[in-house]
Every structure is written in structure tokens, then in C-alpha cells.
Amino acid sequence: AYAAAGESAAKIGLGYIRITTAYVSEYSFDQEIFIRPLPNTFAVYLGPHIMPDGSDSKEGIIVEVMEVAKFKEQYPGKKCNAEDFETVDAVSRAYWRSEEVITVAEYFCLKRKAQTLYFLADGTTMTKEDYDKWPQEAGAKPSIQDERTSFKEQLKWCKLTGIEVLEERDLPVKYIPIVEVIGRESNVEGKRILWGLVRPAKDSLRMYNYWASTLTEKFGLAPKTPFIGAVGQFTTARAAWKDANKKNTPFLEYDAIDVNNN
């Protein structure tokens, strides 16, 4: 999970890790927490946030493209036929359902709820809801010394297609369980800009490619004959000239004869 997220951050400046749970076994109600990879960065969407890990985001989406046969096996009785998606507009329909696959999205959302918090005479704190439910067998209620408005966040989760909610539940956490991993970050005119190693290397790579192409072209167009001269200029030490491309000689002499044989 860390390697996949780190590689995406290095390449494009953005990667993700998810936290999920799974039952210990098929015969147990106990669950364990797992860190899972999200190799497809473009299948993950986090709501607006400032923190580099995305911990202040209030919603998130993870998209999965699933084969129709696999979908029917996991969600028997749910709508998945092509005609079931006719109620969706034509542009969105192509995204949610094709001949072979169907798109399934996990949606996370933090709902904020206001509550009244009491500070009691015995030094404890309690919500108004719990205070109103004080059991009689517990004795007299402690008097209220102070109160304030507090907010509680509940994470809602559901899995859905373009036409139907497949399953939904409340999760006992206060963060969207998607961790963002970033490369380089800057803020330009209020917009968050992310980048990895590839973008800054483009110009230098273009220059390298240009020079490599130019060098290849020059070599390709260069004449195959290494030495050119007038007739008779290579009479002396002719053997040395013939082997000049095979042997290293200390020097080569040529006969100073011009084109008029002078």
C-alpha cells in the first residue's frame, strides 16, 4: 500500500491509501483493521481539504469497475441489466454500465450533528440526551454547573451503482478512511497544485531527446568514406591509409599534389 501510493506521488504528485475492515473468518463477528493499496489514483476522489493527508475532508469516493458476472455473484438480486440503466441520461449511462462491466462506487460522508453538553457538579460531562435518560435507580441527578453546544460527526458509508444503493451503514470513526499521499505541493492564486518528478523533468527530457535525435541524424547522413583527397595524394604510405580505420598510427602523411597533378 505504501509503495503503490509513494510511486503514484512520485510520478504524478498524488497517491492514496485506504483503511478498511474485514471479518477474521467466515465464522466470526470479530473484525480486523487493514491498510489496503489504491493503485488507481484516478479512481479516488476526496472532497475539499487543506491538510496534506486529507484528514479534514468531509467526503470521499472510491470507484471500482466490476465485471457483470462478478457483480451478480456479489450482489444477487440487484439491478444490473442494461435496460435497468435506461433511466440514466445517455452520457452517464456509458460510464455506469457497458456491455461487459458495471461501475460501483463507495461513498463516504461525515454528517455533523449539534448536541448540548453538560458539565455536572460531580466533575463529569454528559450530553443532554444522556442526562435526560438518567435512570432513577442511579439516584438524584448531579446539578448542572455549565453547558455548551458541541458537535458530533458520524461517518456514513454506502456502496451504489448509478441507479441503486447496494448497501449502507454507519462507521465508528471520525475521519474519511482514505489517506492522501502527495509529492510536491504549492498554492497558486488559491488553487492547490500538486506535481511529481515527471513534470519538472519534461523540458530537460525534450532537450535530451532533441540532441539524441540530431546526433543520430548527423551520424546517419555522414559519408561512409572517412578520407577524401585528390588522385595521387595517398600514394606514399598507402598501406597506412588503408588501415587507418583499423589501427592507431602515430601520424599520417599525404602527398601534396593538387587537382592539376602539380
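- Counting heavy-atom neighbours within 6.0 Å of Glu64 CD, excluding the residue itself, gives a total above 12.
- Asp203 has a carboxylate O that lies under 4.0 Å from a charged side-chain N of Arg206, or vice versa, which qualifies the two as a salt bridge.
- Within a 6.0 Å sphere centred on OH of Tyr2, other residues, nucleotides and ligands contribute 12 heavy atoms or fewer.
- Exactly one residue among Arg112, Lys174, Lys58 makes a side chain to side chain donor-acceptor pair (under 3.5 Å) with Glu153. That residue is Lys58.
- The minimum heavy-atom distance linking Ile176 with Cys109 is given by the pair CD1-N, 4.2 Å.
- Expressed to the nearest 0.5 Å, how far NZ of Lys128 lies from CG of Leu117 amounts to 12.5 Å.
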Check your understanding: Does the side chain to side chain contact (heavy atoms under 4.5 Å, CB included) test come out yes or no for Ile61 and Val44, once each step is laid out?
Key -> CA-CA 6 Å; Ile61 300 173; Val44 185; over 6 Å; no
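- Of all the heavy atoms in Phe42 and Tyr45, the pair that sits closest is O-OH, 3.3 Å.
- The aromatic rings of Phe29 and Tyr23 stand perpendicular to each other, their planes meeting at an angle above 60°, with 30° marking the opposite boundary.
- With rounding to the nearest 0.5 angstrom, the CD1 atom of Ile228 is 9.0 Å from the CZ atom of Phe234.
- Placement of Val101 and Val104 in two distinct hydrophobic clusters is found when ILVMFWY residues are connected by side-chain heavy-atom separations under 4.5 Å, directly or transitively.
- Using a 4.0 Å cut-off between charged nitrogen and carboxylate oxygen, Arg18 and Glu106 count as a salt-bridge pair.
- Using a 4.0 Å cut-off between a side-chain N of Lys or Arg and a carboxylate O of Asp or Glu, Glu185 and Arg192 qualify as a salt bridge.
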Exercise for review: Would you check, one step at a time, whether the test side chain to side chain contact (heavy atoms under 4.5 Å, CB included) holds for Tyr95 with Val88?
Suggested key: CA-CA 10 Å; Tyr95 174 80; Val88 183; over 6 Å; no
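- Scanning both residues, Ile33 and Ile19, for their nearest heavy atoms gives CG2-CG2, 3.5 Å.
- Here the closest non-hydrogen pair linking Glu180 and Gly54 is CB-N, 4.2 Å.
- Among all heavy-atom pairs drawn from Gly232 and Ile257, the shortest one is O-CD1, 3.5 Å.
- Looking at every heavy atom in both residues, Tyr175 comes nearest to Ser55 through CD2-O, 3.4 Å.
- Note that Arg93 lies outside the cation-pi zone of Phe85, set by a 6.0 Å cut-off to the ring centre and a 45° limit from the axis.
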Practice item. Report the C-alpha separation of Leu171 and Arg169 in whole Å, then their side-chain angles, then the decisive distance to 0.1 Å, and conclude whether the side chain to side chain contact (heavy atoms under 4.5 Å, CB included) test is met. Key: CA-CA 6 Å; Leu171 301 179; Arg169 67 175 68 96; 3.8 Å; yes
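- Atom NZ of Lys159 has more than 12 neighbouring heavy atoms from other residues, nucleotides or ligands inside a 6.0 Å radius.
- A cation-pi arrangement, defined by a distance under 6.0 Å to the six-membered ring centre and an angle within 45 degrees of its axis, is present between Lys141 and Tyr131.
- Atom CD of Glu73 sits in a sparse spot, with 12 or fewer heavy atoms from other residues, nucleotides or ligands closer than 6.0 Å.
- Atoms OH and CG, on Tyr210 and Leu215 in that order, are 11.5 Å from each other to the nearest 0.5 Å.
- Annotation: the span from Ile178 atom CD1 to Asp53 atom CG amounts to 12.0 Å, rounded to 0.5 Å.
- How far CG of Asp122 is from OG of Ser143: 8.5 Å, rounded to the nearest 0.5 Å.
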Review point. Hey, mind stepping through Val173 and Phe108 against side chain to side chain contact (heavy atoms under 4.5 Å, CB included) and telling me if it holds?
Key: CA-CA 11 Å; Val173 291; Phe108 302 88; over 6 Å; no
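- To the nearest 0.5 Å, atom CD of residue Glu253 and atom CH2 of residue Trp241 are 10.0 Å apart.
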